[in-house]
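These numbers come from the heavy atoms of this one structure, side chains and all, not from hydrogens, waters or symmetry mates. Remember, it's 1-based here, ligands and their atoms both numbered in the order they're listed.
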Amino acid sequence: MRVLGIESSCDETGAAIVDDAGRVLSDVVQSQVKLHAPYGGVIPELASRDHLKNVGPVVREALARAEMTLAEIDGIAVTNRPGLVGALLVGVQIAKGLAWSLGKPLVSVDHLVGHLLAVFLRRTNASESGSEPPSFPFVALLASGGHTAIYRVDGPHARNMRELGGTRDDAAGEAFDKVGKLLGLGYPGGPLIDKLAQGGNPHAAPLTLPMGRTRSFEFSFSGIKTQIAQLVRNHGIPKTESGMADLCASFQSAVTSVLAKKLVAAALRERVSTIVLGGGVAANRELRARTSNLAAEHGLRAVLPELASCTDNAAMIAYAGLIRLANNERDGWDLIATSATSLPRMTRKGRGAR
Ligand code: KG4
Ligand code: ZN
């Protein structure tokens, strides 16, 4: 089966074609980063308009790169939640139009499910990375610009996924971006801080993270942003390269250590032997290293998605949709777009909240 995935939940317009084995036959991402950079964050109205302009060409390019025609596609998967509703509507509407005109099945995908399954994607030329996909159950950390939470994943469907704990305020990626803005680095801050932190002293700035204890799987990242804002207010933005490296390293070390520790603690509590990363922050070098090292220390297996599978892409949506299609699930013409996720939280009694 080969499925066309369409993604437009935030500031990337994506189209991709993926097969049953998770092989990525094509994956096209048109980023809006430059459009939103002057504002230091995503402007929803601008995002919707840009998706509208780009979604057609992006779909056409995904077909061309896979050397396929629309007639050869077995189904269409589209992100319909959570995200900016105006942005989601663009992808949902083109997916409906294509499915209708081609007589192909249509399935919606929760963007968070896409991130949690991104680790199953196999990109051409990267298969020599050799890491086998994880088996269920696993515990996953999803850390992106919009979400940060730990999930227990018992299978590939949304109904098999339960949030064990999430952020009470900012998402981890949002914290990277806000700190990037405070330090005058530009947008998005995550990849820039990742680069600048290399060689910096992670103990240079005394930063504390609330909710750092590993018994709770909740996070809070707004306080560390305020600490950096105060440092900048009192001492200014570091003027030397090494000063900037030290501050970036201190911030990144504080954030990634709490993420990795809680992920491992959650797996140990759930008695699950595999841990997985997902979301844009999963591309962070320090988080990847810490997760692998801590997993090894505790006898756990860490499976990390390839870098191109971490940030928003349509391949993960195509794959999650393919799983639904293979299970004979379909969506109808009344499909809507919404800002809410379909994934339930674990209640105190350990049952799903749905
Ligand atoms: O998953 P994603 O592309 O979009 C959302 O679903 O939010 O994640 C984007 C986020 C941004 O906040 C970006 O700064 C962060 O992921 N990010 C990183 C890195 N690459 C992207 N954060 C830290 N280190 C990175 N290397
Ligand atoms: Zn995302």
Side-chain angles (χ1 to χ4, degrees), residues 5-14 16 27 29-33 36-37 40-42 44 47 51 78-84 87-88 91 109-119 121 140-149 151 166-167 170-183 185-198 200 219 221 224-225 248-249 251-260 276-291 304-317 319-320 339 341 343:
I6 298 174
E7 156 65 35
S8 68
S9 64
C10 191
D11 60 347
E12 325 275 1
T13 318
D27 183 16
V29 179
Q30 173 76 45
S31 171
Q32 301 181 354
V33 159
H36 302 290
V42 178
H51 285 307
V78 63
T79 309
N80 81 320
R81 58 167 59 194
L84 303 169
L88 287 164
V109 170
D110 186 311
H111 183 82
L112 306 188
V113 174
H115 275 307
L116 290 170
L117 298 182
V119 71
L121 294 174
L141 168 72
L142 196 177
S144 70
H147 299 88
T148 294
Y151 295 86
T167 181
D170 292 351
E174 193 181 352
F176 270 97
D177 295 341
K178 285 179 176 169
V179 167
K181 198 172 172 183
L182 283 168
L183 298 179
L185 299 176
Y187 171 84
L192 299 166
I193 291 176
D194 188 349
K195 204 163 162 206
L196 287 169
Q198 279 186 304
F219 301 96
F221 295 109
I224 195 162
K225 172 197 65 195
C248 288
F251 165 75
Q252 180 172 280
S253 161
V255 172
T256 57
S257 71
V258 79
L259 289 171
V276 161
L277 293 180
V281 182
N284 184 273
R285 270 172 272 209
E286 187 170 349
L287 178 62
R288 294 172 81 89
R290 279 184 186 276
T291 302
L304 313 182
E306 291 168 36
L307 288 183
S309 302
C310 295
T311 42
D312 283 353
N313 64 88
M316 66 186 193
I317 303 304
Y319 185 72
S339 56
T341 178
L343 297 186

**Prompt:** Listed by chain and number, what are the ring pair (Phe, Tyr, Trp, His ring centres under 6.0 Å) partners of H115, not counting sequence neighbours?
**Reply:** H111
**Asked** Taking any residue with a non-hydrogen atom under 4.0 angstrom from an atom of ligand 1, which ones do you get?
**Response** H111, H115, S144, G145, G146, G173, F176, D177, P188, G190, P191, D194, G279, G280, V281, A283, N284, C310, T311, D312
**Request:** State the count of protein N/O/S atoms located less than 2.8 Å away from the Zn ion (ligand 2).
**Result:** 3
**Message:** Could you check whether any side-chain N or O of R288 sits under 3.5 Å from a backbone N or O of A283, counting only pairs where one atom can act as donor and the other as acceptor?
**Reply:** no
**Request:** For R81 and L112, indicate whether the former's side chain and the latter's backbone hold a donor-acceptor pair under 3.5 Å.
**Result:** no
**Request:** Mind running side chain to side chain donor-acceptor pair (under 3.5 Å) on S253 and R290 for me, showing each step along the way?
**Result:** CA-CA 9 Å; S253 161; R290 279 184 186 276; 3.1 Å; yes
**Complete:** Value for CG (L196) from CG (L183), rounded to nearest 0.5 Å, stands at 9.0 Å
**Asked** Residues in ring pair (Phe, Tyr, Trp, His ring centres under 6.0 Å) with F219, at least two apart?
**Response** F221
**Prompt:** Does Y187 reach the side chain of V42, with side-chain heavy atoms less than 4.5 Å apart?
**Reply:** yes
**Request:** Check whether any side-chain N or O of Q30 sits under 3.5 Å from a backbone N or O of Q32 as a donor-acceptor pair, and report yes or no.
**Result:** no
**Message:** Measuring only between side-chain heavy atoms, which start at C-beta, is E306 closer than 4.5 Å to L121?
**Reply:** no
